[in-house]
Amino acid sequence: MKIRASQINGCGFCTDMHTKDAAAAGETPLRINLIAVWREATVFTDAERAALELTEEGTRIADAAGGVPDDVWANAAKHYDEEQLMALVTLIALINSFNRMNVMLTMPAGGYEPGQHM
């Protein structure tokens, strides 16, 4: 989710950070590389796809009059309980805030070391 929101927002710093942290945590290069095209990729579970869809809709909220569509919420709710959904919403809001700050500050990408900001 952090990677996808960062890609959408054009935040190189966060994309660099979160892809490297995901790899360091054991995520495969294939899955990391296919996040941007998750709809066409077969390597994500239905729950992961629902979270990625919610991430995209929450990140592009200004593009969608009325906010996140009901069908996106319903799909996410099939995979996550209310507490988990609130955690997802919080994460989406936070990563979007960090993306915007880093883009505004023109933070450079490429120099992050895994775990550097933990």
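Model, not experiment: these values are computed from the prediction.
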Ignoring hydrogens and angles, write down the donor-acceptor pairs under 3.5 Å from the side chains of residues 103-111, residues two or more places apart or on other chains.
none

Got a sec, which pairs hit salt bridge (charged side-chain N to carboxylate O under 4.0 Å, His left out) with one end in residues 37-46, sequence neighbours left out?
-> Arg39-Glu56

Quick one: salt bridge (charged side-chain N to carboxylate O under 4.0 Å, His left out) pairs with a partner in residues 8-19, sequence neighbours left out?
-> Asp16-Lys20

Considering residues at least two apart in sequence or located in another chain, which fulfil the side-chain hydrogen bond (donor to acceptor under 3.5 Å, both in side chains) criterion with Gln7?
-> Arg4

Do other residues, nucleotides or ligands put more than 12 heavy atoms under 6.0 Å from Phe13 CZ?
-> yes

Give a yes or no on whether the backbone of Ala47 and the side-chain of Tyr80 come within a donor-acceptor separation of less than 3.5 Å.
-> yes

Salt bridge (charged side-chain N to carboxylate O under 4.0 Å, His left out) pairs, two or more places apart, involving residues 94-104 = none

Check: Glu57 and Pro69 side chains under 4.5 Å, non-hydrogen atoms | yes

Under 3.5 Å, sequence neighbours excluded: what are the donor-acceptor pairs made by side chains of residues 82-93?
from	atom 1	to	atom 2	distance (Å)
Gln84	OE1	Asp81	N	2.8
Thr90	OG1	Met86	O	2.8

Would you check, one step at a time, whether the test side-chain contact (heavy atoms from CB on, under 4.5 Å) holds for Ile95 with Met1?
-> CA-CA 9 Å; Ile95 192 58; Met1 292 172 52; over 6 Å; no

Consider only side-chain heavy atoms of I, L, V, M, F, W and Y, link residues closer than 4.5 Å, and tell whether Val68 and Ile8 are in one cluster.
-> no

Could you list who else is in Leu52's hydrophobic cluster, with ILVMFWY side chains joined at under 4.5 Å, directly or through other members?
-> Ile3, Leu30, Leu34, Ile35, Val37, Trp38, Val43, Phe44

Mark yes when over 12 heavy atoms from residues, nucleotides or ligands other than Asp71 sit less than 6.0 Å from its CG; otherwise mark no.
-> yes

Quick one: list whatever passes side-chain hydrogen bond (donor to acceptor under 3.5 Å, both in side chains) with Arg31, sequence neighbours left out.
-> Glu27, Glu48

Taking all heavy atoms of Gly67 and all of Ile61, pick out the closest pair and write down the distance.
-> CA-CG1, 4.0 Å

With Thr19 via side-chain hydrogen bond (donor to acceptor under 3.5 Å, both in side chains) - residues at least two apart | none

Residues in side-chain hydrogen bond (donor to acceptor under 3.5 Å, both in side chains) contact with Asn102, at least two apart in sequence or another chain | none

Between Asp21 and Pro114, what is the shortest heavy-atom contact and its length?
-> OD1-CA, 3.2 Å

